[in-house]
Amino acid sequence: MDPGEGLRLVLPARALDRDRPARPGPGPRRPGDHLQRRRRAPAERPDQPAALRHPDPDLLHLPRDDAAARRRRAHRHPVGRRPDPRRPAGRVRHPGPGHADQLGQLRRPRLHRGWWPVTTPAGEVRTRFCPSPTGMVHVGLMRTALFNWAHARHSGGTFVFRIEDTDAARDSEESYRHLLDCLRWMGLTWDEGPEVGGPHGPYRQSERHDIYREVAAKLVEAGHAYESFSTNEEVDARRRAAGQDPKLGYDNADRFLTDAQKAAFRDEGRSPVLRLKMPDEDLVWTDLVRGEIRFAAGSVPDFVLVRGNGAPLYPFVNPVDDALMRITDVLRGEDLLPSTPRQIALYAALTDIGVAQGTPRFGHLPYVTGEGSKKLSKRDPQSNLDVYRDRGFLPEGFANYLALLGWSIAEDRDIFSVQEMVEAFDVTRVSPNPARFDLKKAEAINATHLRALPVEEFVDRVVPYLAAEGLVAEPPTAEQDRVLRAIAPLAQERMVVLSEAVGLLRFLFVDDVEIEPAAADKQLSGESAVQVLDAATAALGELADWSTPAIEQALKDALVEGLGIKPRQAFGPVRVAVSGRTVSPPLYESMELLGRERTLARLAAARGVATAG
RNA sequence: GCCCUCAUCGUCUAGCGGUCCAGGACGCCGCCCUUUCAAGGCGGUAGCACGGGUUCGAACCCCGUUGGGGGCACCA
């Protein structure tokens, strides 16, 4: 769309500063400000029914008549709870984020005084996933994608995929491609975005520079943004001179520059950054996963929208694109939570100039942590999705596990399909606490999915791993296929990830097996091993019917009965001889598939090892 | 330092004021089954961070403390 359409200049710039004295370096905070901070302030408005104060269930496409669900939502959202008659209304010092606006009505923004226009979008849910293509794909990132996707799918909305490739130094085409590949691997299809297009494109920020320039110009024109010439050193010095902590950051001083002063700075050769004029209001929103969050007025300084060199910055570009793409629900990592007040302020300004149609709902997802409780680092190999893909995690198994990081489908259940997740997913039921990535559990969940795979499906998925090792052709020959299908049910239940098929099934697809040294030490060292091998060879050599039951009978007769040894000792050497390992699929079935010739050859070869050792 | 945020078994969670001496899953430990390894079956271990308040009643609501995490850029 043309961001220019509907541009209206509402307030003269002067008016915006009405209740700000024009003194230099007013500072964003006044003494005692921190004492007025309210945590999750009780914002009940007894004059409004609770239902009206919660985002309309219709907008979220939540089940309307599920009383329990409604109660749960109310719990998550203090603003949606019933008024407590014991709590004096006088404690409510601020009207909150404009509850009426949450019904989707677009209220005329009156900046810097009165209502702060947090307008909840009406209509169809639109979520987005907007990674920057720098390096590997992080599992936490993937979970964010999954939740956004599930939220859109659950509510019959639209899932938008946008690439934030504004950092030329770090972005690469390769990781861009990889990102698309990872999303597709997990089945997270997007309705608008790269390669599929859509009405709000382009979907790569590198192709949207003109838009940002235009929007920035309009913000300045409307008095929402202003040129700022202060260097960090100057801000610092002013803070210190005023006896304040320099860590407070920018002091909004350039808001009050006269044209003459600006001209003077330009003459010095300075090029200004553009900053957004932050409102003199508490910035509040009802977080989809955390309930009400409030930042005190003045605690967030005017922030930079556009660099001195004209390059737009992330905190500017991201909301602009969300606004233009009509995103209604922003689910993102909790690391972005502290920047949300700035975004909300920006949205108000964007709404004012007609670029945005209100403010989206925000939901800040908890961190995925690694060992300890630190956020899972990008440098931690455990955080790389490729590691799991390469090991042969199933997309459905991995998605299932990822979903469990912060969400649960039911009290007594944690295995489910992606489809089932979509049906049940409710963002407001996402837990706010950080979740440790637990490899053991991920494996257990995956193993369950692996076992549940139909045989043909299992074979199809395992073939690439076997083919990569040169064990089978791709596609497998008729004979290989026969063997695979026969062994699949037996292999499935002793595997956790697909790559394990290589070690487990290799012996079926080679002429001569290589015996693992540890296995040889354990099972082929004593003299009894030679005896066992000889007895097995004799029994099998003359077997008329080469079938699993016949093999079983013959071996039991020859070894357990004949030699009078325990099954454990009897079958150990045979297993190692046949498979080369101490762990294998069931023995008799394996031997049947291997055939008499190869089986006898391996018994002989193992006998050689046993006598030599 | 300031701001924000989180707090139930080792881990992920259920819990929405009485139905909870807290349920499930992973892990761990036993036992059964068994030709190995698994799978499966049965059983066990282990938790409401602390202190106040509200209430007839608190894991649940409020306040605080403590502890963890994150953010405070002309990075994204």
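Reminder, nothing fancy here: chain letters follow the sequence lines and each chain counts from 1.
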When the [atom1] atoms of [M] and [N] are compared, how many Å lie between them, rounded to an integer?
| N | M | atom1 | answer |
| --- | --- | --- | --- |
| B/rC31 | B/rU36 | P | 15 Å |
| B/rU66 | B/rG30 | P | 43 Å |
| B/rG51 | B/rC74 | C1' | 47 Å |
| B/rC9 | B/rC28 | C1' | 12 Å |
| B/rC6 | B/rG44 | P | 36 Å |
| B/rC29 | B/rG68 | P | 31 Å |
| B/rG15 | B/rA39 | C1' | 32 Å |
| B/rA49 | B/rG67 | P | 16 Å |

If I take atom [atom1] in residue [X] and atom [atom2] in nucleotide [N], what distance separates them, rounded to the nearest angstrom?
| X | N | atom1 | atom2 | value |
| --- | --- | --- | --- | --- |
| A/Leu559 | B/rU36 | CG | P | 14 Å |
| A/Tyr401 | B/rU13 | OH | C1' | 11 Å |
| A/Lys566 | B/rU34 | NZ | P | 15 Å |
| A/Glu334 | B/rC4 | CD | C1' | 10 Å |
| A/Asp167 | B/rC75 | CG | P | 9 Å |
| A/Leu305 | B/rC75 | CG | P | 13 Å |
| A/Lys441 | B/rU11 | NZ | P | 13 Å |
| A/Glu371 | B/rG69 | CD | C1' | 16 Å |

Closest nucleotide among [options] to the [X] side chain:
| X | options | result |
| --- | --- | --- |
| A/Glu493 | B/rA38, B/rC6, B/rA76 | B/rA38 |
| A/Ile293 | B/rU5, B/rG24, B/rG70 | B/rU5 |
| A/Ala444 | B/rC26, B/rU5, B/rC74 | B/rC26 |
| A/Arg170 | B/rU36, B/rC75, B/rC6 | B/rC75 |
| A/Lys375 | B/rG70, B/rU36, B/rC74 | B/rG70 |
| A/Lys374 | B/rG69, B/rG27, B/rA25 | B/rG69 |
| A/Asp245 | B/rC74, B/rU13, B/rG1 | B/rG1 |
| A/Arg429 | B/rU36, B/rG15, B/rA39 | B/rG15 |
| A/Arg494 | B/rU35, B/rA76, B/rU36 | B/rU36 |
| A/Glu411 | B/rC16, B/rG23, B/rA25 | B/rG23 |

### Side chains of A/His364 and A/Arg290, donor plus acceptor under 3.5 Å
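A/His364 vs A/Arg290: no donor-acceptor pair found between side chains.
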#### Entry: Whether A/Trp407 and A/Phe425 hold their rings parallel, tilted or perpendicular, with breakpoints at 30° and 60°
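A/Trp407 and A/Phe425: tilted rings.
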### Query
Should the pair A/Tyr401 and A/Phe437 be assigned to parallel (<30°), tilted (30 to 60°) or perpendicular (>60°) ring geometry?
perpendicular
Do [X] and [N] have a side chain to base donor-acceptor pair shorter than 3.5 Å?
| X | N | value |
| --- | --- | --- |
| A/Arg568 | B/rU35 | no |
| A/Arg413 | B/rU13 | no |
| A/Arg436 | B/rC12 | no |

Using a heavy-atom cut-off of under 4.0 Å over every strand shown, decide if [X] touches base, sugar-phosphate, or nothing.
| X | value |
| --- | --- |
| A/Leu336 | base |
| A/Leu587 | base |
| A/Arg581 | nothing |
| A/Gly572 | nothing |
| A/Thr166 | sugar-phosphate |
| A/Lys247 | base |
| A/Ser584 | base |
| A/Pro341 | nothing |
| A/Val304 | sugar-phosphate |

Rounded to the nearest 0.5 Å, how far apart are [atom1] of [X] and [atom2] of [Y]?
| X | Y | atom1 | atom2 | answer |
| --- | --- | --- | --- | --- |
| A/Asp171 | A/Gln205 | CG | CD | 9.5 Å |
| A/Tyr388 | A/Ser383 | OH | OG | 7.5 Å |
| A/Phe147 | A/Leu405 | CZ | CG | 7.5 Å |

### Message
Taking only side-chain N and O atoms of A/Lys440, does any of them lie within less than 4.0 angstrom of OP1 or OP2 on B/rU11?
### Response
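Checking B/rU11 against A/Lys440, no side-chain N or O comes under 4.0 Å of OP1 or OP2.
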### Query
Under 4.0 Å: is that the gap between some side-chain N or O of A/Asn433 and OP1 or OP2 of B/rU8?
yes
### Query
Are the side chain of A/Ser579 and the backbone of A/Val576 linked by a donor-acceptor contact shorter than 3.5 Å?
no
### Task
Say whether, by atom type as modelled, one donor and one acceptor occur between the side chain of A/Arg170 and the main chain of A/Gly135 under 3.5 angstrom.
no
### Query
Closer to the 5' end of RNA chain B via nearest nucleotide, is it A/Pro585 or A/Leu337?
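Whichever sits nearer the 5' end wins; that is A/Leu337.
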### Task
Hey, which sits more toward the 5' end of RNA chain B by its nearest nucleotide, A/Leu405 or A/Thr582?
A/Leu405
Watson-Crick or G-U wobble mate for [N], both contacts under 3.5 Å:
| N | result |
| --- | --- |
| B/rG40 | B/rC32 |
| B/rC72 | B/rG1 |
| B/rC20 | none |
| B/rA59 | none |
| B/rU54 | none |
| B/rA49 | B/rU65 |

#### Entry: A/Lys522 bridged to A/Glu516 by N-O distance under 4.0 Å
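Salt bridge absent between A/Lys522 and A/Glu516.
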### Query
Should the pair A/Lys277-A/Asp302 be classified as a salt bridge under the 4.0 Å nitrogen-to-oxygen rule?
no
